[in-house]
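To start, the structure under review is shown below, and the notes come after it.
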Amino acid sequence: MRPFCGATTGLAAPAPLAGALAAAGAAGGLALFGASGEALYGPAVTLNLALGCVIGVAAAAAFAEIFSAGADASVAAGGAAQRTAPTALHAAACTLAAFALTRTPDGALALNGVATATACVALAGLAAVFLSAGALALRRTSDAVAVEENYRRRRARDAWRPFRSVLPASTSIAATAIMLILTVVAALEAATPGAGAKLIAAVGCGVAAGACYLSLRTGALVAIVSVSAVGLVDWTAALFGVAPPEGAASATAIVAAATLFGLLGLTWRDARSPRRKPHQSAELAMVEGAYRFIVGAAFVVGAFAAAATSGLWPEAAGAAGYFLAVAGLGFVLSPAVMTAVTAVAGRG
C-alpha cells in the first residue's frame, strides 16, 4: 500500500482508533433511547466505525499534502483539521437524509432514533477530526513525508496518463448524458418499493455536500454520481434477479459511499481553476483523491466485515456488497462527471 498511498499509510495510524471511539460513542448514545434506537443500533455503530476510519484517512492525506507544500507539522495538522471537519458534517447530514427515508418491515424508523444516530455520527466524526489532527501535530514528522508524497503524485500522474485521451469534454458530456438517461430508465423500471426513497436520499446527500463544502458544483457531483450509481446498481440487480438490500442496510451503504464521493468532490473543488481545462481539473482531482477514496473504501468494508463476523449486525455482509457496487460504479463515473460539469458550468 505504501507505493500507492505514500506517507499517508503511516500517518493514518490513528484512524482505526478514531473509528473505534466513534463506534463506542454511538453505542452509548443509542443505548440511552432503548427501543427507539434498537433498529439503528447495529447499522449506526458500524457506520460510526467506518466513517471514523474514513475521516482519519482524510485527515492524514490532507496533512501530507499541506506538509509537502512546506508547512511545519503543527500548521499542517491544523490545516488538515480545517479541511476534514466539513467531511464529518457531510457524513452526519447524509445519515439524516438516508435514515429519515428508510422504511423497515414495521414501518418508518423512530424519529428520535434517527436524530440520535445523526448526532452520534456528527460528534464522533468531529472527534475523529481532532483526534487525528492532534496525533499528527504531536508526531515527529521528517522531510521523508514530503518526499514520499511527491513520489506518490508522480506515480499517480503516470497511472492516469492513459485516461487523458479518452476523457475530453465532449466525450464526458455525452457519457454523462447517457448515464443520466439510463438512470431515469432505471428509476422508471424499479420494482422495489424502497427504490424511490433511495434515490431521494442520494439527492439529499448531494444537497448536503453542496452546503457542507460550500460548493454548488461539488453538490452536483455528489448528487449525480450517487443517484446514478444507486439507480444503475438496483436496476442491474433486478435484471439478474438479485434483490438489493433495503432498509437500514441500503441506507448505511449509501451514506458511506456518498461520504467518499464527497472526498472526491472536495479535491475537485480545490483543483478547479480558470487556468485549467476541464479534463485537467478532473485529472488533478483524481491524482489527489483516488487513493483517499480507495483506502477509505477498504476501511468501510473492513468495518462492515467486523460487524458481520462479530454478530453486531447480521445484515452487514449484504450492506458491504451493496456499498462496493455503488462506490465502485460511482468512482468510475466521477471523472467524466467532473469534466462534464466543469465544461458546462465554465472553468473556475
Side-chain angles (χ1 to χ4, degrees), residues 3-6 8 58 61-62 64-66 68-69 83 86-87 90 149-183 202 205-206 209-210 213-229 231-232 257-297 326-348:
F4 175 71
C5 300
T8 304
E65 180 183 352
I66 298 171
S68 65
R83 290 191 186 184
T87 301
H90 179 224
E149 181 65 10
N150 290 329
Y151 278 145
R152 183 202 63 77
R153 288 198 184 106
R154 185 183 307 171
R155 285 189 291 265
R157 290 191 186 98
D158 292 340
W160 184 258
R161 191 167 297 163
F163 299 98
R164 293 179 183 176
S165 59
V166 299
L167 282 177
S170 57
T171 303
S172 298
I173 292 173
T176 302
I178 293 171
M179 178 191 69
L180 291 175
I181 292 172
L182 290 176
T183 302
C205 292
Y213 293 117
L214 302 178
S215 171
L216 292 176
R217 297 185 192 183
T218 300
L221 171 70
V222 176
I224 292 172
V225 172
S226 299
V227 169
S228 298
L232 294 176
T259 301
L260 291 174
F261 296 149
L263 289 181
L264 284 181
L266 178 61
T267 57
W268 177 53
R269 184 200 69 179
D270 295 339
R272 291 198 307 267
S273 169
R275 295 184 298 273
R276 294 193 182 103
K277 296 180 179 179
H279 71 278
Q280 292 174 331
S281 297
E283 176 184 349
L284 185 56
M286 296 305 291
V287 166
E288 293 296 335
Y291 78 102
R292 308 181 193 198
F293 187 100
I294 294 173
V295 176
V326 171
L329 180 57
F331 179 77
V332 172
L333 297 175
S334 291
V337 176
M338 291 176 187
T339 305
V341 171
T342 305
V344 172
R347 303 181 193 179

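Keep in mind that what you see is a predicted model, and the values were worked out from it rather than measured.
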- Query: Is there a donor-acceptor pair closer than 3.5 Å between any side-chain N or O of Thr267 and the backbone N or O of Leu264?
  - Reply: yes
- Message: Donor-acceptor check, side chain of Ser226 to backbone of Ala202, threshold 3.5 angstrom: yes or no?
- Response: no
[X] versus [Y], closest heavy-atom pair with distance:
X      : Y      : result
Ala229 : Gly330 : CB-N, 4.0 Å
His90  : Gly262 : CE1-CA, 4.1 Å
Ala209 : Val222 : CB-CG2, 3.7 Å
Ser273 : Ser281 : N-OG, 4.1 Å
Val287 : Ala156 : CG1-CB, 3.8 Å

- Item | Glu288 with Arg153: basic N within carboxylate O range, under 4.0 Å |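 Between Arg153 and Glu288 there is a salt bridge, with a charged N closer than 4.0 Å to a carboxylate O.
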side-chain hydrogen bond (donor to acceptor under 3.5 Å, both in side chains) partners of [X], counting only residues at least two apart:
X      : answer
Gln280 : none
Thr259 : none
Thr87  : Tyr213

Would you call [X] and [Y] a side-chain contact if the rule is heavy atoms closer than 4.5 Å?
X      : Y      : result
Leu221 : Arg269 : no
Glu283 : Thr339 : no
Arg217 : Arg272 : yes
Thr218 : Leu266 : no

- Apply side-chain contact (heavy atoms from CB on, under 4.5 Å) to the pair Lys277 and Thr342, showing each step before the final yes or no. CA-CA 8 Å; Lys277 296 180 179 179; Thr342 305; over 6 Å; no
- Item | Pairing residues for Phe293 by the ring pair (Phe, Tyr, Trp, His ring centres under 6.0 Å) criterion, not counting sequence neighbours | Phe261, Phe331
- Message: Counting neighbours of CG on Leu182 that are heavy atoms of other residues, nucleotides or ligands and sit closer than 6.0 Å, is the number greater than 12?
- Response: yes
- Applying salt bridge (Lys or Arg N to Asp or Glu O under 4.0 Å), name anything that partners Glu65, two or more places apart in sequence or on another chain. Arg83, Arg292
Hey, what do you get for [atom1] ([X]) to [atom2] ([Y]), rounding to the nearest 0.5 Å?
X      : Y      : atom1 : atom2 : answer
Ser228 : Leu180 : OG    : CG    : 5.0 Å
Leu232 : Leu333 : CG    : CG    : 7.0 Å
Ser68  : Arg152 : OG    : CZ    : 8.5 Å

Under 3.5 Å, which donor-acceptor pairs do the side chains of residues 169-178 form with other protein atoms, sequence neighbours left out?
from, atom 1, to, atom 2, distance (Å)
Ser172, OG, Pro168, O, 3.0
Thr176, OG1, Ser172, O, 2.8

